[in-house]
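This report refers to the structure that appears directly beneath it.
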2 protein chains.
Amino acid sequence: MATGRTHRPATRSRGIPEATVARLPLYLRALTALSERSVPTVSSEELAAAAGVNSAKLRKDFSYLGSYGTRGVGYDVEYLVYQISRELGLTQDWPVVIVGIGNLGAALANYGGFASRGFRVAALIDADPAMAGKPVAGMPVQHSDDLEKIVEDNGVSIGVIATPAGAAQPVCDRLVAAGVTSILNFAPTVLSVPDGVDVRKVDLSIELQILAFHEQRKAGEEAAGETGAVPLAPKEAGKGPDGDVPAVMPA
Amino acid sequence: MATGRTHRPATRSRGIPEATVARLPLYLRALTALSERSVPTVSSEELAAAAGVNSAKLRKDFSYLGSYGTRGVGYDVEYLVYQISRELGLTQDWPVVIVGIGNLGAALANYGGFASRGFRVAALIDADPAMAGKPVAGMPVQHSDDLEKIVEDNGVSIGVIATPAGAAQPVCDRLVAAGVTSILNFAPTVLSVPDGVDVRKVDLSIELQILAFHEQRKAGEEAAGETGAVPLAPKEAGKGPDGDVPAVMPA
DNA sequence: CTTTGTGAAGTCGTTCACAGCA
DNA sequence: TGCTGTGAACGACTTCACAAAG
């Protein structure tokens with residue numbers, strides 16, 4: 001999951017559920033693969049399998065977009081690719097800025113899937129003067145002093161934040177003030193933004209922690225036949241990373 | 001969002017809702033920050049604000065863990081940090097392997113938040129023989145021929161896949177065969193895994209597409225007072241990234 | 001009087017199952 | 001006959017609102 005706010009209870013008239021929107025890119029990817037193999041049509045069953053969802057869900061999702069299928073046959077691949085692209089706004093060009101060109105920012109700048117599908121990296125921005133001018137992914141890094149000008153000159157409405165946690169909120173504020181209304185946040189912080197601005201976050205550490213939770217459950221289950229309380233740690237507490245995990249237990 | 005499957009309708013007895021599990025790391029981060037500032041207690045209201053959720057949700061979430069608060073006072077910060085860490089399985093050490101040491105894999109290896117909180121990068125693995133032995137983040141990259149041995153020798157149960165899309169499924173299969181039961185997938189593919197294996201995915205391009213959807217809505221709204229159908233593209237279709245967006249429209 | 005913990009109500013999302021159309 | 005499109009049932013998550021506890 002990612003978005004903080006649903007930003008409005010439901011979009012006025014033809015509201016597509018948020019959960020459906022989140023799956024459209026998945027369908028699009030599967031359809032693009034079929035298109036490249038020149039497959040003319042797919043059934044909901046086949047496409048659902050390729051996208052990793054069940055077919056009832058897929059059909060319901062598509063029903064929010066309109067009646068684009070043919071009963072007894074399936075969906076026209078090219079047509080669906082076009083309809084979903086249009087619905088997602090990928091038929092236009094989205095200039096994006098990446099702020100924070102450290103390891104992660106540089107990796108994002110180099111990431112191919114970024115450039116494809118209507119997204120274009122318009123600028124790389126970093127606060128370190130030593131970075132300024134240095135080429136990353138074939139593009140000179142610009143200093144953050146010019147952030148506002150860069151955003152305005154390029155008509156940027158989507159910003160990617162890949163700074164350290166401490167810098168994220170100030171950078172976010174400046175992006176928003178300059179006109180950015182959608183933010184993809186890789187910094188491990190909660191960003192606060194005014195209404196009308198969308199934030200999605202990607203947090204590595206959170207994903208791992210969720211996996212660890214389930215992993216622990218699996219480990220606890222395979223032996224213990226329900227001990228009563230906690231599945232008890234199999235191995236032994238490793239090294240406490242940064243000093244939590246106190247042995248004390250307040251009343 | 002990320003997980004494909006809920007992997008079992010609900011965990012046997014004291015099932016914590018998936019949505020709650022996904023928020024625990026958020027609370028933990030906020031609590032850790034408070035702990036570092038030596039704040040002894042927090043109210044649900046304060047903590048909720050710090051974590052970016054509302055207080056009712058937070059209280060309900062905590063109620064699944066037990067009654068760890070004090071009415072009229074709030075929650076003991078240190079105690080809660082401990083309880084949530086334990087619940088998430090962070091009181092033990094989780095060795096992790098990263099497969100695919102390209103731009104992204106290297107960035108992940110260098111990412112600090114990775115190493116903290118009980119996760120330890122046990123090995124970096126890549127298929128390119130030229131990478132073998134090269135140090136990344138102070139650690140020699142190992143060749144993927146040895147993947148099974150590395151996983152087994154280190155007791156790895158969590159694997160991170162940062163390979164190109166085409167390599168992801170084979171790598172996944174090998175990880176699973178070697179004993180990995182949780183996978184964090186950065187490759188833009190749907191992975192299929194046997195029951196009992198958890199997969200979470202992080203997909204840059206999907207996040208951007210979701211943002212673009214909302215962005216397009218905003219742009220369409222500010223002018224058009226409900227035209228009837230589509231909010232029509234404000235700018236003009238840019239350059240079709242990889243050849244989709246056909247102008248044809250099948251019957 | 002303050003703040004937690006939680007039934008009950010409300011909202012959102014998924015799945016079922018079948019009518020409707022090609 | 002085969003497969004889509006969708007109302008209706010179901011289940012999961014959120015929010016409300018208040019009783020219980022310090």
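Here is the naming used below: chain letters follow the sequence lines, and residue numbers restart at 1 for every chain.
- Side-chain N/O atoms of A:Ser44 include none lying less than 4.0 angstrom from OP1 or OP2 on D:dC3.
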Taking only nitrogen or oxygen atoms into account, show me every contact under 3.5 Å that the protein makes with nucleotides 5-8 of chain D, one pair per line with its distance.
unit_1, atom_1, unit_2, atom_2, d
D:dG5, OP1, A:Tyr68, N, 3.4
D:dG5, OP1, A:Gly69, N, 2.9
D:dG5, OP2, A:Tyr75, OH, 2.8
D:dG5, O4', A:Arg71, NH2, 3.1
D:dG5, N7, A:Arg59, NE, 3.0
D:dG5, O6, A:Arg59, NE, 3.4
D:dG5, O6, A:Arg59, NH2, 3.1
D:dG7, N7, A:Lys60, NZ, 3.4

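- Computed from coordinates, the B:Leu58 CG to C:dT6 P distance equals 14 Å when rounded to whole Å.
- The ring-ring contact (aromatic ring centres under 6.0 Å, His included) test applied to A:Tyr27 returns A:Phe62, not counting sequence neighbours.
- Atom-to-atom, CD1 of B:Ile16 to P of C:dT6 comes out at 14 Å; the value is rounded to the nearest Å.
- For A:Asn54 and C:dT15, the shortest distance from a side-chain N or O to OP1 or OP2 is below 4.0 Å.
- Residues A:Thr32 and A:Glu36 bring no donor and acceptor atom of their side chains to less than 3.5 Å of each other.
- Note: CG (A:Leu24) to P (C:dG13) measures 13 Å, nearest angstrom.
- Two residues are said to be in side-chain contact when any heavy atoms from C-beta on lie closer than 4.5 Å; B:Asp198 and A:Lys218 meet this criterion.
- In this model, the phosphate group of C:dG13 is not approached by any side-chain N or O of A:Lys57 to a distance below 4.0 Å at OP1 or OP2.
- The ring-ring contact (aromatic ring centres under 6.0 Å, His included) contacts involving residues 32-54 of chain B comprise nothing, where partners must be two or more places apart or lie in separate chains.
- Taking a cutoff of 4.0 Å between a charged side-chain nitrogen and a carboxylate oxygen, A:Arg217 and B:Glu87 qualify as a salt bridge.
- What separates CG of B:Leu65 from P of C:dT6 is a distance of 11 Å, to the nearest Å.
- Taking CD1 from A:Ile210 and CD from B:Glu18, the interatomic distance works out to 7.0 Å, rounded to the nearest 0.5 Å.
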